[in-house]
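Reviewing the structure listed below.
The structure presented is a predicted model; accordingly, all values stated were derived computationally and were not measured.
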Amino acid sequence: MTARLIVRRVKDARYLDALFPAWRYHPFFTNSALPTEAADITHRAHAIVETVFSDLIDGPLARMPSGSFAANSAWGLCAAIAHNLLRSAGVLAGAPHAKARGATLRRKIVNVPARFVRPQRTPTLRLPRHWPWSDAWLRLWDNIIGTSPPATATP
């Protein structure tokens, strides 16, 4: 069996303005007969799948019941649904969150330090005054519901 090592060279984004650019090297090993460019595209697609697996393992699959097959099957299905909903919420929240990891989305979008109150029977969403992700959260709300919530900033 023949195989080959392909190394892709990319300029490091941290040092774009440097006099001598720094390079990062991304090696991968393949046994496919595809041309180099097609093998690189296939490798990147596999890397996306690995990121999804990593998100699931760091999130809901870290605490599987593992007592019975039926419980694990249901847990895995719920984990896949939750992952897809989280990815959709990230895309709807805006550009910086569209490619964010699951843990980042849970920390910035899902765990909202807000509460619903009803002063004078008017539902109001109370958000912290200097919460850095309020714009993304309100964009997500607007994309899902269609109107901005009646929100006030708490001190």
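- Leu92 contributes atom CG, which lies 12.0 Å from atom NE2 of His97 (distance to the nearest 0.5 angstrom).
- Interatomic distance, Thr36 OG1 to Ile41 CD1, rounded to the nearest 0.5 Å: 11.0 Å.
- By the rule that hydrophobic residues join a cluster once side-chain heavy atoms approach within less than 4.5 Å of another member, Phe53 and Ile48 end up as members of separate clusters.
- In this structure, CH2 in Trp133 is found 9.5 Å from OG1 in Thr104, a value given to the nearest 0.5 Å.
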Worksheet item: Should Tyr25 and Val10 be marked as a side chain to side chain contact (heavy atoms under 4.5 Å, CB included) after you check the CA-CA gap, both sets of side-chain angles, and the distance that decides it?
Response: CA-CA 6 Å; Tyr25 297 95; Val10 179; over 6 Å; no

Item to complete: With side chain to side chain contact (heavy atoms under 4.5 Å, CB included) as the test, would you mind laying out the steps for Trp137 and Lys108 before giving the verdict?
Response: CA-CA 8 Å; Trp137 194 86; Lys108 293 181 179 180; over 6 Å; no

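- Interatomic distance, CZ of Arg8 versus CZ of Arg24, reported as 8.5 Å (0.5 Å rounding).
- Note on Arg44 versus Asp40: salt bridge recorded, some NZ/NE/NH1/NH2 to OD/OE distance being below 4.0 Å.
- Heavy-atom minimum distance, Leu56 versus Ala79: CD2-O, 3.8 Å.
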Worksheet entry | Worked check of side chain to side chain contact (heavy atoms under 4.5 Å, CB included) between Arg118 and Thr124 | CA-CA 6 Å; Arg118 292 181 54 92; Thr124 304; over 6 Å; no

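- Here the CH2-NZ distance, from Trp23 to Lys11, works out to 5.0 Å after rounding to the nearest 0.5 Å.
- For the atom pair CG (Asp142) and CG (Leu138), the distance works out to 8.5 Å, reported to the nearest 0.5 Å.
- Each of Leu61 and Leu86 belongs to its own hydrophobic cluster when Ile, Leu, Val, Met, Phe, Trp and Tyr are linked at side-chain heavy-atom distances under 4.5 angstrom.
- In plain terms, the two heavy atoms of Leu127 and Ala114 that are nearest each other are CD2-CB, 3.4 Å.
- In terms of hydrophobic clustering, with Ile, Leu, Val, Met, Phe, Trp and Tyr side chains grouped at heavy-atom distances under 4.5 Å, Leu34 and Val7 are assigned to different clusters.
- Remark: of the listed residues His46, His43, Arg4, His43 is the sole one forming a side-chain contact (heavy atoms from CB on, under 4.5 Å) with Phe28.
- A donor-acceptor pair under 3.5 Å links the side-chain atoms of Thr51 to the main chain of Ala47, judged by distance alone.
- Just one of Arg101, Arg63, Arg107 meets the salt bridge (Lys or Arg N to Asp or Glu O under 4.0 Å) condition when paired with Asp58; it is Arg101.
- Considering all non-hydrogen atoms of both residues, Leu5 and Pro27 come closest at CD1-CB, 4.2 Å.
- Cluster annotation: Phe116 and Ile144 are assigned to the same hydrophobic cluster (Ile/Leu/Val/Met/Phe/Trp/Tyr, side-chain heavy-atom contacts under 4.5 Å, transitive).
- Asn143 places a side-chain N or O within donor-acceptor distance of the main-chain N or O of Arg139, the cut-off being under 3.5 Å.
- When all heavy atoms of Ile57 and Ala62 are compared, the closest pair comes out as O-CB, 3.2 Å.
- Nearest heavy atoms, Gly90 versus Leu105: CA-CD2, 3.8 Å.
- Cluster membership check: Val52 does not share its hydrophobic cluster with Ile109, using side-chain heavy-atom separations under 4.5 Å among Ile, Leu, Val, Met, Phe, Trp and Tyr.
- A donor-acceptor pair is defined here as one N or O able to donate and one able to accept, closer than 3.5 Å; no such pair exists between the side chain of Ser54 and the backbone of Glu50.
- A distance-only check finds a donor-acceptor pair linking the side chain of Asn111 to the backbone of Arg106 [under 3.5 Å].
- A 6.0 Å sphere centred on CZ of Phe69 holds no more than 12 heavy atoms belonging to other residues, nucleotides or ligands.
- Phe29 places none of its side-chain heavy atoms less than 4.5 Å from the side chain of Ile6.
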